[in-house]
Amino acid sequence: MTIIERIKCIIPSFILIGIGILEIKYPHLMDNFDDGYAGHGISGFIMLLIELFIKFTWGKIEGFIAIIIGVFFIVIFLLPDLEIKNEKIAEQAETNTAKKSLTKSLSSAAFRAGKSYLQRKYDQKLKHENK
């Protein structure tokens with residue numbers, strides 16, 4: 001996610017936090033709300049629904065909830081991409097596993113070579129002693 005995309009996601013969170021602060025500061029602002037809806041098409045109805053939603057969710061508790069949700073979204077958008085980190089960790093684990101298996105193979109080959117070298121030396125020593 002680029003910086004521009006993160007800013008586009010963070011701006012609505014700041015708006016939500018601002019609305020939460022207004023709800024805490026002015027909890028009784030929407031008590032006497034009456035928009036005088038007269039039914040002017042679908043856009044007026046949608047606006048009525050938005051206004052009613054704001055009226056019914058306006059108060060101190062809802063303000064705290066709005067601030068918490070806004071901060072939560074900001075934290076989520078600012079965290080580095082977890083999927084990329086998980087992929088890097090998986091690649092490192094594969095590399096480490098490959099290195100471990102390579103190290104194990106090389107050490108076992110070195111052990112066999114050393115063992116055969118010592119066995120030959122021991123056999124040569126026995127041949128010289130038996131002559």
Side-chain angles (χ1 to χ4, degrees):
M1 200 180 239
T2 65
I3 300 293
I4 302 292
E5 291 172 345
R6 287 185 184 187
I7 290 173
K8 286 179 183 177
C9 296
I10 290 173
I11 288 175
S13 297
F14 281 131
I15 292 172
L16 187 62
I17 291 171
I19 291 172
I21 292 170
L22 287 175
E23 288 180 12
I24 293 170
K25 180 91 172 156
Y26 306 105
H28 301 292
L29 180 72
M30 300 295 267
D31 286 348
N32 297 325
F33 175 75
D34 182 23
D35 71 337
Y37 176 70
H40 299 289
I42 191 75
S43 61
F45 180 69
I46 292 172
M47 192 63 178
L48 172 72
L49 291 178
I50 292 171
E51 291 170 351
L52 289 176
F53 177 75
I54 290 173
K55 177 181 173 34
F56 292 129
T57 60
W58 195 270
K60 283 191 174 187
I61 295 173
E62 293 85 359
F64 285 115
I65 292 171
I67 291 171
I68 290 170
I69 291 172
V71 169
F72 178 72
F73 282 128
I74 288 173
V75 168
I76 287 175
F77 291 129
L78 290 180
L79 284 177
D81 295 331
L82 296 176
E83 294 177 11
I84 294 173
K85 279 189 172 183
N86 289 338
E87 289 175 4
K88 288 180 181 178
I89 290 171
E91 286 178 13
Q92 288 176 351
E94 285 180 16
T95 306
N96 289 342
T97 305
K99 287 179 183 178
K100 286 179 184 177
S101 65
L102 181 63
T103 305
K104 188 176 179 181
S105 326
L106 290 174
S107 62
S108 66
F111 180 76
R112 285 191 304 257
K115 185 177 175 183
S116 66
Y117 173 77
L118 290 176
Q119 187 68 39
R120 272 187 280 142
K121 285 289 189 184
Y122 182 74
D123 289 343
Q124 286 176 357
K125 185 178 176 185
L126 283 179
K127 282 184 185 178
H128 287 298
E129 287 178 4
N130 289 336
K131 285 186 178 183

hydrophobic_cluster_shared for Tyr117 and Leu126, side chain cutoff 4.5 Å: no
Same apolar cluster (I L V M F W Y, side chains within < 4.5 Å links), Val75/Phe77: yes
Fellow cluster residues of Ile68, listed by chain then number, with links counted only when side-chain atoms sit under 4.5 Å apart: none
For Ile19, side chain to side chain contact (heavy atoms under 4.5 Å, CB included) partners two or more places apart: Ile15, Glu23, Trp58
Listed partners of Gln124 passing side chain to side chain donor-acceptor pair (under 3.5 Å), at least two apart: none
Qualifying residues under side chain to side chain contact (heavy atoms under 4.5 Å, CB included), relative to Ile42, sequence neighbours excluded: Ile46
Contact summary for Gly20 and Ala66, nearest pair of heavy atoms: CA-CB, 3.9 Å
Connected-component partners of Phe53 among ILVMFWY, side-chain separation under 4.5 Å: none
Neighbour count above 12 (heavy atom, 6.0 Å) for Ile61 CD1: no
With sequence neighbours excluded, residues passing side chain to side chain contact (heavy atoms under 4.5 Å, CB included) with Ile74: Ile10, Ser13, Phe14, Ile17, Leu78
